[in-house]
Amino acid sequence: MLPTPLLTRDQLRLLKYDNVTSGKYKTNSDIGVPSVRLFDQEVKKYCYMWREGGQFSTEKYL
């Protein structure tokens, strides 16, 4: 009915499965494969609006 569907059939198929870790399987860290990016550093890139000064803050990130 809508020109662009809100959810595609593929997205609906993906929603049938949980995407939260259950602890049943090992993670990359458990098997000794380090993550390339650190979560905290990546979050800083997208959370500029909550920094003091917002997007114009002088705090730098890599």
Side-chain angles (χ1 to χ4, degrees):
M1 298 179 86
L2 299 172
T4 305
L6 298 176
L7 289 171
T8 65
R9 289 181 184 186
D10 289 334
Q11 290 170 324
L12 286 173
R13 286 187 197 116
L14 288 172
L15 288 172
K16 289 194 293 188
Y17 305 101
D18 289 335
N19 61 356
V20 178
T21 59
S22 65
K24 185 177 177 181
Y25 302 103
K26 293 185 178 186
T27 64
N28 286 358
S29 304
D30 295 335
I31 61 174
V33 178
S35 108
V36 177
R37 297 181 176 137
L38 295 175
F39 180 77
D40 292 337
Q41 292 173 353
E42 291 299 309
V43 168
K44 278 186 176 183
K45 293 179 186 178
Y46 300 99
C47 292
Y48 61 85
M49 66 186 87
W50 290 284
R51 287 193 303 230
E52 188 175 334
Q55 65 185 0
F56 303 109
S57 172
T58 57
E59 182 182 328
K60 299 292 182 191
Y61 58 85
L62 298 175

If you compare all heavy atoms of Q11 against all heavy atoms of L7, which two are closest, and at what distance to 0.1 Å?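 Q11 and L7 have their closest heavy atoms at OE1-CA, 3.2 Å.
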
Distance, nearest 0.5 Å, that separates CG of D30 from OG1 of T27: 3.5 Å

The criterion is side chain to side chain donor-acceptor pair (under 3.5 Å); which residues satisfy it with D10, sequence neighbours excluded? R13

